[in-house]
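For reference, the structure is listed below as structure tokens.
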Amino acid sequence: MTYSLSTSVIIDIIRSTAAFQIMSAPDDRKPLFASLMRDEVRGQLKIMVKNAFAETVLRLLPHVSGCTLDGESADEDPGSQDTLDTSDMILRVTLPPPCGGRDYAGAAVRRQLEQTVVLQAMRLWALAGGDHVAAEAYSTLASSALDTLLCSLATSPRPFLR
């Protein structure tokens, strides 16, 4: 099953998460999250989302049977990554149907993929901002989200029948 993720949707989720952090974080951490709300960082966020997606896909191996980053291929140089480019990019990954063939859970798996990428991107942002405590927290959350995703891809055992 191929899952398509939009960088615009993921950035919107990142910004929603940042808004909650701004409301609840200690005053010394608020500027890190407030900077995510500025329109001029949207292009940088897009690159971080792309990198977080690639990291997530690599962690999902050997379940992955296909992956594209908006048409980027492994054998070609993608060129410079323009931090002013805020256009939407579609990231795709092909995974087995969840729970050994139950494709009705596909939307939930896509949302979990998005959440995993969001948390990985937030970790990268916190590291870039020098907030290692937030980075570690997001790393833990991303690992948990990835574990949930991996559990959904595991083939469920068939009942023993005589």
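Model, not experiment: these values are computed from the prediction.
- Between L113 and Q115, every side-chain heavy-atom pair lies at or beyond the 4.5 Å cut-off.
- Here the closest non-hydrogen pair linking R92 and S4 is NE-OG, 3.1 Å.
- The side chain to side chain donor-acceptor pair (under 3.5 Å) search around Q21 returns Y138, not counting sequence neighbours.
- For L36 against R15, the heavy-atom pair with the smallest separation is O-NE, 3.1 Å.
- Residues Q112 and A145 share a closest heavy-atom pair of NE2-O, 3.0 Å.
- Cluster membership check: M37 shares its hydrophobic cluster with F33, using side-chain heavy-atom separations under 4.5 Å among Ile, Leu, Val, Met, Phe, Trp and Tyr.
- T7 is not listed as a side-chain neighbour of K50, based on a closest heavy-atom distance of 4.5 Å or more.
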Please lay out, stage by stage, how F53 and V93 fare under the test side-chain contact (heavy atoms from CB on, under 4.5 Å). CA-CA 9 Å; F53 174 78; V93 62; 4.0 Å; yes
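- Residues W125 and L45 meet the side-chain proximity criterion, which asks for heavy atoms closer than 4.5 Å.
- Residues that satisfy the side chain to side chain donor-acceptor pair (under 3.5 Å) test with Y3, not counting sequence neighbours, are absent from this structure.
- For the atom pair OG (S8) and CD1 (I13), the distance works out to 11.0 Å, reported to the nearest 0.5 Å.
- Considering OG of S139 and CD of Q120, their distance stands at 7.0 Å, rounded to 0.5 Å.
- Apart from M23 itself, the hydrophobic cluster it occupies contains F20, where clustering links Ile, Leu, Val, Met, Phe, Trp and Tyr at side-chain heavy-atom distances under 4.5 Å.
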Using the side-chain contact (heavy atoms from CB on, under 4.5 Å) rule, take L5 and V49 through it: C-alpha gap first, then chi angles, then the decisive distance, then the call. CA-CA 10 Å; L5 283 66; V49 165; over 6 Å; no
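- With rounding to the nearest 0.5 Å, the separation of CG in L127 from CE in M122 is 12.0 Å.
- If you check the side chains of T116 and T56, you find no donor sitting under 3.5 Å from an acceptor.
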Quiz: residues 57-68 side-chain donor-acceptor pairs under 3.5 angstrom, not counting sequence neighbours:
unit_1: R59; atom_1: NE; unit_2: E55; atom_2: OE2; d: 3.3
unit_1: R59; atom_1: NH2; unit_2: E55; atom_2: OE2; d: 3.2

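- For the atom pair OG1 (T2) and CZ (R110), the distance works out to 13.5 Å, reported to the nearest 0.5 Å.
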Verify salt bridge (charged side-chain N to carboxylate O under 4.0 Å, His left out) between K30 and D27, making sure each step is shown before the conclusion. CA-CA 5 Å; K30 288 184 183 197; D27 288 339; 3.7 Å; yes
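- Two residues are said to be in side-chain contact when any heavy atoms from C-beta on lie closer than 4.5 Å; T94 and M1 fail this criterion.
- By the 4.5 Å heavy-atom criterion applied to side chains, I10 and D12 are not counted as neighbours.
- Residues L150 and L146 have side chains in contact (heavy-atom distance under 4.5 Å, counting atoms from C-beta outward).
- Nearest heavy atom pair, residue A52 against residue V117, reads CB-O, 3.6 Å.
- Taking CZ of R42 as the reference point, atom CD1 of I47 lies at 13.5 Å (rounded to 0.5 Å).
- Residues S152 and V109 approach most closely at OG-CG2, 3.9 Å, considering heavy atoms.
- Within the 4.5 Å cutoff, the side chain of V41 has heavy atoms near those of the R38 side chain.
- Between A135 and A126, the closest heavy-atom pair is N-CB, 3.6 Å.
- Listed by first and then second residue, the salt bridge (Lys or Arg N to Asp or Glu O under 4.0 Å) pairs involving residues 124-146 are R29-D131 (not counting sequence neighbours).
- Contacts classified as salt bridge (Lys or Arg N to Asp or Glu O under 4.0 Å) and involving residues 140-154 (residues at least two apart or in different chains) are not found.
- With rounding to the nearest 0.5 Å, the separation of CD1 in I14 from CD in E114 is 10.5 Å.
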